[in-house]
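Counting convention: from 1, in listed order, for ligands and their atoms alike. Small disclaimer: the values here were computed from a predicted structure and weren't measured.
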Amino acid sequence: MRIDILTLFPTFLENSFNYSILKRAIDKNKVSVNYHDIRDYSANKYKQVDDYAYGGGAGMVMMIEPIDKCIRALKKQRDYDDIIYLAPDGEKLNQKIANTFSLKKNIILLCGHYKGIDQRIRDHIITKEISIGDYVLTGGEIAALVFCDSIIRLIPGVLGDESAALSDSFQDNLIAPPLYTRPEAYNSWKVPSILTSGNTKKIEEWREQQSVELTKLKRPDLLDNSSS
Ligand code: ADE
C-alpha cells in the first residue's frame with residue numbers, strides 16, 4: 001500500500017511513523033508513507049496557503065490552488081483508490097472502515113488546518129471524508145495518524161501473529177475478552193482458573209462468553225448494530 005499525505009507539518013507526521021509496528025511495516029515494505037508539504041505548492045512568494053473566508057467570519061480557509069496542484073502532480077504518477085479528507089464532519093471511523101481501507105493500493109490523505117478548506121476541494125477533488133470522532137482537533141494530522149495506524153496494522157504480514165488482528169475488539173462487533181499474564185496470583189488477585197486449566201475448548205467458550213457479557217455491559221450499542 002502507498003499512502004500520500006498532504007500536510008503543513010510533514011516532520012510531525014514523519015517522526016510519528018518512526019515507532020513500533022508502523023515503523024516495522026514501513027521497513028518491511030508493507031506500506032510506504034510519503035509526505036507532501038502543501039506550502040511547496042503555493043504560487044505565492046510568502047508561501048501563503050490560507051486566506052480570509054468570503055462573506056466574512058472568524059478564521060482562515062485553506063486555499064484551493066496549492067492542494068489541487070499537489071494532488072494533480074500525484075495523480076499524474078499513479079491512480080488512486082481514494083482521496084480522503086480528515087474532517088470532524090466526515091464519516092466516523094470504525095473497524096469496518098479500517099478493514100476496507102487496509103485492502104487499498106494507493107490513497108491520498110489531506111490534513112486540513114485553520115477553519116477548514118475551500119468547499120470546492122471537497123466538492124470536486126475529495127472522494128471520501130473521515131472523522132475520528134465527534135470533537136474538533138486543531139488539524140487533520142493526528143486524525144491522519146489514527147486512520148493510518150488503524151489500517152496499516154491490518155495489512156497482511158504487518159502484525160507478527162496474523163490472528164492477533166482478528167481477535168481485536170470490534171472486529172466482530174464484540175469487545176475482546178480480558179487478558180492475563182504471569183504471575184498467576186498477585187497478592188490476593190488470581191487469574192481465572194479456567195485459563196490455567198489447559199482445556200482449550202473450555203477456554204475458548206469462556207472467552208466468547210466474556211466478550212458477550214462485556215459488550216452487553218460496556219458497549220450495548222455494538223450489539224444493536226451487529227449488522228453494520
Ligand atoms: N480534523 C479536526 N478534527 C477532526 C476529527 N475529529 N476527525 C478528523 N479530522 C479532524
Side-chain angles (χ1 to χ4, degrees), residues 1-19 21-22 25 31 33-42 48-55 57-68 70-71 74 80-104 106-155 168-171 219 221-222 225 228:
M1 176 191 286
R2 180 187 167 104
I3 304 176
D4 287 282
I5 310 182
L6 276 63
T7 172
L8 294 175
F9 301 102
T11 41
F12 167 74
L13 283 172
E14 213 165 341
N15 291 338
S16 308
F17 276 99
N18 242 337
Y19 297 92
I21 289 170
L22 296 186
V31 64
V33 186
N34 308 273
Y35 312 94
H36 307 277
D37 190 337
I38 298 169
R39 271 184 215 287
D40 292 344
Y41 294 83
S42 170
Q48 184 186 353
V49 289
D50 61 327
D51 211 335
Y52 294 101
Y54 274 122
M60 304 292 274
V61 179
M62 285 177 74
M63 301 153 83
I64 291 190
E65 196 189 14
I67 292 171
D68 184 42
C70 179
I71 292 178
L74 287 170
Y80 284 91
D81 299 300
D82 264 306
I83 303 175
I84 301 160
Y85 175 48
L86 285 312
D89 57 353
E91 186 178 354
K92 211 184 290 173
L93 179 62
N94 58 28
Q95 195 61 37
K96 191 170 169 228
I97 295 175
N99 288 343
T100 304
F101 278 95
S102 71
L103 302 172
K104 305 278 182 189
N106 300 316
I107 55 173
I108 292 175
L109 304 184
L110 170 61
C111 304
H113 263 272
Y114 314 116
K115 197 78 187 160
I117 61 173
D118 190 307
Q119 181 61 32
R120 289 167 291 185
I121 301 168
R122 301 178 78 160
D123 292 344
H124 302 292
I125 301 173
I126 297 299
T127 61
K128 183 95 193 156
E129 300 185 332
I130 296 283
S131 162
I132 62 159
D134 290 341
Y135 40 82
V136 180
L137 303 166
T138 51
E141 281 75 12
I142 292 174
L145 269 176
V146 170
F147 179 69
C148 288
D149 191 302
S150 75
I151 65 175
I152 290 171
R153 63 190 294 286
L154 295 171
I155 298 172
D168 285 341
S169 282
F170 305 114
Q171 202 56 267
R219 291 294 306 273
D221 57 300
L222 291 177
N225 301 326
S228 65

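Remark: distances from the non-hydrogen atoms of Cys111 to ligand 1 are all 4.0 Å or more. Using a non-hydrogen distance threshold of 4.0 Å, Ile130 registers as a contact of ligand 1.
Among all protein heavy atoms, the one lying closest to atom 10 (C) of ligand 1 is Pro88 CD, 3.6 Å. For atom 6 (N) of ligand 1, the nearest protein heavy atom (residue, atom name, distance) is Tyr135 O, 2.7 Å. Summary of contacts: the protein heavy atom closest to atom 3 (N) of ligand 1 is Leu137 N, 3.0 Å.
A side chain to side chain contact (heavy atoms under 4.5 Å, CB included) with Ile126 is found for one member of Glu129, His124, Lys128 and no other, namely Glu129. Each of Leu86, Val146, Ile132 was evaluated against Leu137; a single residue qualifies, Ile132, per the side chain to side chain contact (heavy atoms under 4.5 Å, CB included) test.
Taking a 6.0 Å sphere around CG of Leu74, one finds it holds more than 12 heavy atoms contributed by other residues, nucleotides or ligands.
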Q: Test Asp4 against His36 for side-chain hydrogen bond (donor to acceptor under 3.5 Å, both in side chains), laying out the working first.
A: CA-CA 7 Å; Asp4 287 282; His36 307 277; 2.7 Å; yes
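Contacts between Ala143 and ligand 1 below 4.0 angstrom, taking non-hydrogen atoms only, involve the side chain exclusively.
Note: Phe147 and Phe101 have perpendicular aromatic rings, judged against thresholds of 30 and 60 degrees for the angle between ring planes.
At least one side-chain heavy atom of Phe17 sits less than 4.5 Å from a side-chain heavy atom of Ile152.
Shown in contact with Leu86 at under 4.0 Å from a heavy atom are these atoms of ligand 1, numbered in order with element: 8 (C), 9 (N). Close approach of ligand 1 to Gly133 (heavy-atom distance below 4.0 Å) involves ligand atoms 6 (N).
Remark: ligand 1 and Val136 share no N or O pair separated by less than 3.5 Å (distance only, no angle test). In terms of polar-atom proximity, Ile132 is counted as a contact of ligand 1, with an N or O under 3.5 Å from an N or O of the ligand.
With hydrogens and angles disregarded, no donor-acceptor distance shorter than 3.5 Å links the side chain of Ser42 to the backbone of Arg39.
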